[in-house]
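Bear in mind the structure is a predicted one, so any value in this text is a computation, not a measurement. Numbered from 1 within each chain, the chains take letters A, B, ... in sequence-line order.
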Protein chains: 2
Amino acid sequence: MHLGLPESDHSEIRKLDLFQGVEDDAFRALMRGAYVQTFPPQIELISEGDRSDFLYIMVDGSVELFAEWNGRETVMSTVHPVSTFILAATIRDAPYLMSARTLMKSRVVLLPSLDVRTVFSEDAAFARAVVRELAQCYRAVIKNTKNLKLRSSLERLANYLLRQQIRADGAEEFDLLIEKRRLASYLGMTPENLSRAIKALQPYGVVIDGVRVSITDRNDLEGLAKPSALIDDPSH
Amino acid sequence: MHLGLPESDHSEIRKLDLFQGVEDDAFRALMRGAYVQTFPPQIELISEGDRSDFLYIMVDGSVELFAEWNGRETVMSTVHPVSTFILAATIRDAPYLMSARTLMKSRVVLLPSLDVRTVFSEDAAFARAVVRELAQCYRAVIKNTKNLKLRSSLERLANYLLRQQIRADGAEEFDLLIEKRRLASYLGMTPENLSRAIKALQPYGVVIDGVRVSITDRNDLEGLAKPSALIDDPSH
DNA sequence: CGTCCTTTTGAACATTGTCAAACACTGTGG
DNA sequence: CCACAGTGTTTGACAATGTTCAAAAGGACG
């Protein structure tokens, strides 16, 4: 018999923007139908085209969202804890547009889409939270499109590194959180091209050794990257 | 004194997905604060970075959404009647990520963002309609990203033409609804490249003379374009 | 008819991708 | 501990794709 999600998992999930202001009853109703599962690396959790049976919440590990066409594949984004993914498909009861695979051992909460849609139509606070979340996601994708269409691959890499540095609290040295070939795909280039782009950033004070990134002069790199709040600022 | 929107404009707007299921009172409240304006061509209605004071509804004409960075500019999408634009910025009370300019003489309804947010937080049906709309927009942008990252410019053009043909009810001949240089920018290429891509489609039975498109053998073109529901189907 | 803008064409150039091979890293099993 | 396989990364030579620049051709409009 299915007993829902262990209480121990509630607290971090409850903190998600998506559940702010939601009635305790509604939240508990969602959690009752939820599953937790731990997956090994390289497991394809969902495939594009599938019906959206669950809303996913990353609790631990990391997951890559990717898309395929005509034998080609591209990384759309990487999901880190704690956050949800494929909310839009769940809400619209539409097929997934992206596939998802675990990159490492990962713990994931699965909320049956039916439950999500029920709570969505009964709890106004949840509906509003979903709106804010979706608006955020929408804006993130728009920024990504601007990044792709307005910048060269070298500029995209430069800005990516600057964003990662902020994520690392501005440290001069930090680690890449993603394999280089996946980063290349995310940035819309080949691994070979990324490898050369990394070298091309050396004159701007960037050294990358394995996963270790060092940015000696942020100003110099910013001169090339020209970061913009309307593309690179995740909160804006 | 401001008297709100003429009743004559209500009916088409009322039909928008965004207002389905919304209480009549709430809808009228929105319309009371609304303005209608007619703009000549080439007017920049909003600029990226501006605060989102209004939600816009295209009633007549057409508007181009575009973005700029570092002196470059790219067309993000073209808005045709009757539909809303920049909903996400309005809801999040965040700066616009895109600019908008009229392409022809256009009639536009402006809903003060404050009113939209008020009705959004008071009318649950509106909140849910906003969710569906945003989820739709989100999925459209994801499809666009897949299109950009997974396809060459020739493939993007081929699929664009197939989509336009469907929009024209499958007619063998139809007109482009957008200037070629804007189409080029929308497809992420230069006008010169588009011009050559059009020629490159001749062996696949495509002839474009001015705005007139003729597709003699759809199957042949589909062989190259390989359209996919998960990229090209607007409803999916 | 002349002006302005878009579109097309050609040639040179830049960027990015492909292919093949070498290299580096990781973990396994002898 | 080492040899080895498997995978990811880098490098070099080359090809394909896309851009830039300049100029000509075509259209729209006063």
- Between B:Arg151 and B:Asp232, is a salt bridge (Lys or Arg N to Asp or Glu O under 4.0 Å) present by the stated rule, with each step listed? CA-CA 12 Å; B:Arg151 288 173 172 163; B:Asp232 303 290; 2.8 Å; yes
Here the distance between atom P of D:dT7 and atom CZ of A:Arg182, to the nearest Å, is 13 Å
Between CG of B:Leu183 and P of C:dT6 the distance, given in whole Å, is 15 Å
When rounded to whole Å, the CD1 to P distance for the pair B:Ile178 and C:dT7 reads 10 Å
note: A:Leu194, atom CG; D:dT11, atom C1'; distance rounded to Å ~ 14 Å
**Q.** Residues A:Arg72, B:Glu155: salt bridge by 4.0 Å N-O rule
**A.** yes
Rounded to the nearest 0.5 angstrom, the OH-CZ distance for A:Tyr186 and A:Arg156 is 10.5 Å
- Query: Do other residues, nucleotides or ligands put more than 12 heavy atoms under 6.0 Å from A:Asp17 CG?
  - Reply: no
What's touching nucleotides 15-22 of chain C from the protein side, N or O pairs under 3.5 Å?
residue	atom	partner	partner atom	Å
C:dT16	OP1	A:Ser153	N	3.0
C:dT16	OP1	A:Ser153	OG	3.4
C:dT16	OP2	A:Ser153	OG	3.0
C:dG17	OP2	A:Thr190	N	3.2
C:dG17	OP2	A:Asn193	ND2	2.9
C:dC19	N4	A:Glu192	OE2	3.1

In whole angstroms, the gap separating P of C:dT8 from NZ of B:Lys199 amounts to 9 Å
Ring pair (Phe, Tyr, Trp, His ring centres under 6.0 Å) filter on A:Tyr160, not counting sequence neighbours, yields none
A:Arg212 CZ to D:dT9 P, in whole Å, measures 17 Å
query = Between the side chains of A:Gln37 and A:Arg107, does any donor sit under 3.5 Å from an acceptor?
reply = no
Considering only nitrogen or oxygen atoms on both sides, find all protein atoms under 3.5 Å from nucleotides 23-26 of chain D and state each distance.
none

Separation of D:dT10 atom P from A:Ile208 atom CD1, nearest Å, is 9 Å
Exercise. Using a strict 4.0 Å threshold on nitrogen-to-oxygen distance, state whether B:Asp175 and B:Arg212 make a salt bridge.
Key: yes
Here the distance between atom C1' of D:dG8 and atom CG of A:Leu176, to the nearest Å, is 14 Å
Checklist entry - Is the B:Phe85 to B:Tyr56 ring centre distance short of 6.0 Å? => result yes
### Cationic N near anionic O, under 4.0 Å, A:Arg101 to A:Glu44
no
